[in-house]
Amino acid sequence: MQYIPYGRQDINQADIDAVVAVLKSDYLTQGPMVPKFEEAVAQRCSAKHALAVNSATSALHIACMALGLGPGDWLWTSPITFVASANCGLYCGAKVDFVDIDPRTYNLCPQALARKLEQAERVGKLPKVLVPVHLCGQSCDMQAIYALAQKYGFKIIEDASHAIGGKYKGEPIGNCRYSDITVFSFHPVKIITTAEGGMCLTNNADLAKKMGLFQSHGITRDPAQMTHAWDGPWYYQQIELGYNYRMTELQAALGVSQTARLTDYVARRHQLARRYDDLLMSLPVTTPWQHPDSYSGLHLYPIRLQLEKIKRRHRQVFESLRAQGIGVNLHYIPVHTQPYYERMGFKPEEFPQAQAYYREAISLPIYQKLTNTQQDKVVEALKIAIAS
Ligand SMILES: *Cc1c(COP(=O)(O)O)cnc(C)c1O
C-alpha cells in the first residue's frame, strides 16, 4: 500500500545541482548564496530587508529580541499554531497569552483581540508583541490587527511559516505593510524548503541590524557600531548577547533553486484545493473557507468533521485514514493545552473556538507533487472512514 503523507518536499535535479555546486565551492557557510537567497525572497515579497536563519523558530526568537521583548512583557498569539509561535516569548523571559480563533478562517480573531485588549488596558497588562499566525497560508485580517496595534501600541510579528507565496489584498505576504517583522519557515513540509531554515523580513533598517547581530553572536565588524576605535583589520566587537542562528550556503542554494518554482507550487496547491472542494462537497465535512481578501499559500487543507452527521468519532475517522495509508495530521493541538502551558494556569475551555476546531479538524494531504489519482484515493479513503 502506497503511503500518502500530508506534506512533502519536491526536490528536482536543479536543486541537487545547486547544492552540489556549493559543496565543491570555497564556502560552505558565510559565502555568496545566503545573501542571494535573502535578496530573492526580499524582492519577491517587496520587503526592504531579509535575514536568512537556521529555522523559523530562531527567526521568531531574534524578532522578539529585536523588538525588545523581555521580562515583565507579554506576547500574545493564537492557540491554533505550532508551539514555536508562543515559545519565542518565553525564550525572552516574557509571559505568553492567547487570543481565540475566528470560527471561519481559524486565524486569530480581531474581534476577540479587541475585547481582550480592552480588558488588558484596564488592568495594565497590554501585550508588547502580537504574533498573528497565517494558518494554512491564509493571511490574518492584518488591516484590523494593525489598526488595533496603532491604538494600543503593540508590535506585530507575522508568523507566515505557512504562507510564502500567498497574498493579502493583492500584495505579497512578507511585505510587512501591516507588521514590524514577518517570519517564514523552510522546513520540508512547508511550501519551499531548505531542509531546516527560516527568514525574517522587515522594512525597518534598525530592526534588520539588530536581528543581524542577534543571529550571529552579537558580533559586529561595522566600525560605526563599535564602542571605540577599530584596532585593525582583524577587529570585531561583541556588543550584544547573540546566538549562532546562521543558515548554511548549502541550504541557501537549495532555497534559491526552490524559490524559482514558488509561483507554480502555490498554483498547484490551489488546483488541488479546488479539486478537494468539489470532491468533498456532498460529504459531511466543512472545507476550509477562503476569505476574499486572501490568496492563500495553502500549506494545509484542514477539513472539519460535521460530527452530528457522522456515526464515527473524530479519532476513529482519523485512525481509519491512517490505517488506509493516508498520512493525515492535525494542525494543531491548542498550545495552551500543552502540559508546559497548562502548568502556567491555562484551562482548555478558555479558548472555546480553538477547542471546537481541535475536536473536528483533520489535515488532508496537500503538496505540490500530489497527483490527482492520489488525491482521489484520499477522498475514497475518507468516504470509507466516515461511513464504516
Ligand atoms: C513550522 C512552523 C514554525 C517553526 O518552523 P521551524 O522552521 O521548524 O522552526 C513556526 N510556526 C509555525 C506556524 C509553523 O508551522
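The model shown is predicted, which means the values in this text are computed figures rather than measured ones. Note that the numbering runs from 1 along the sequence shown for the chain. Whatever order the structure lists them in is the order used to number ligands and atoms, beginning at 1.
Within 6.0 Å of atom CD in Q225, more than 12 heavy atoms from other residues, nucleotides or ligands are found, so the atom counts as buried in its surroundings. The number of heavy atoms from other shown groups lying within 6.0 Å of OH (Y146) does not exceed 12. Annotation for R8: atom CZ does not count as buried by contact number, only 12 or fewer foreign heavy atoms lying within 6.0 Å. When the shell of 6.0 Å around OH of Y235 is examined, it contains more than 12 heavy atoms from other residues, nucleotides or ligands.
Scanning all protein heavy atoms for the shortest distance to atom 15 (O) of ligand 1 gives H162 NE2, 2.7 Å. For atom 11 (N) of ligand 1, the nearest non-hydrogen atom of the protein is D159 OD2, 2.7 Å. With hydrogens left out, the protein atom closest to atom 4 (C) of ligand 1 is T57 OG1, 3.7 Å, a heavy atom. From the protein, the heavy atom lying nearest to atom 10 (C) of ligand 1 is S161 OG, 3.4 Å. Nearest non-hydrogen protein atom to atom 14 (C) of ligand 1 is K190 NZ, 3.2 Å.
For the pair E196 and H187, the minimum side-chain heavy-atom distance is below 4.5 Å.
Using a cut-off of 4.0 Å between Lys/Arg side-chain N and Asp/Glu carboxylate O, D376 and R275 are scored as salt-bridged.
Listed by atom number, the atoms of ligand 1 under 4.0 Å from V133 heavy atoms are 13 (C). Close contacts of ligand 1 with T81, meaning ligand atoms under 4.0 Å from a residue heavy atom, involve 13 (C). For ligand 1 and G197, the ligand atoms under 4.0 Å from any heavy atom of the residue are 7 (O). If you number the atoms of ligand 1 from 1 as listed, the ones under 4.0 Å from a heavy atom of S85 come out as 11 (N). Atoms of ligand 1 lying under 4.0 Å from at least one heavy atom of S55, given by number and element, are 7 (O), 9 (O).
For atom 5 (O) of ligand 1, the nearest non-hydrogen atom from the set C136, A56, C88, G198 comes from A56.
Heavy-atom separations between A59 and ligand 1 are all 4.0 Å or longer.
An N or O contact shorter than 3.5 Å links Y332 to ligand 1 by distance.
Relative to the six-membered ring of W76, K116 meets both conditions, a distance below 6.0 Å and an angle of at most 45° to the axis.
For the side chain to side chain donor-acceptor pair (under 3.5 Å) criterion with D10, the lone passing option out of Q258, Q368, K369 is K369.
Using modelled atom types, no side-chain atom of H217 and backbone atom of I219 make a donor-acceptor pair closer than 3.5 Å.
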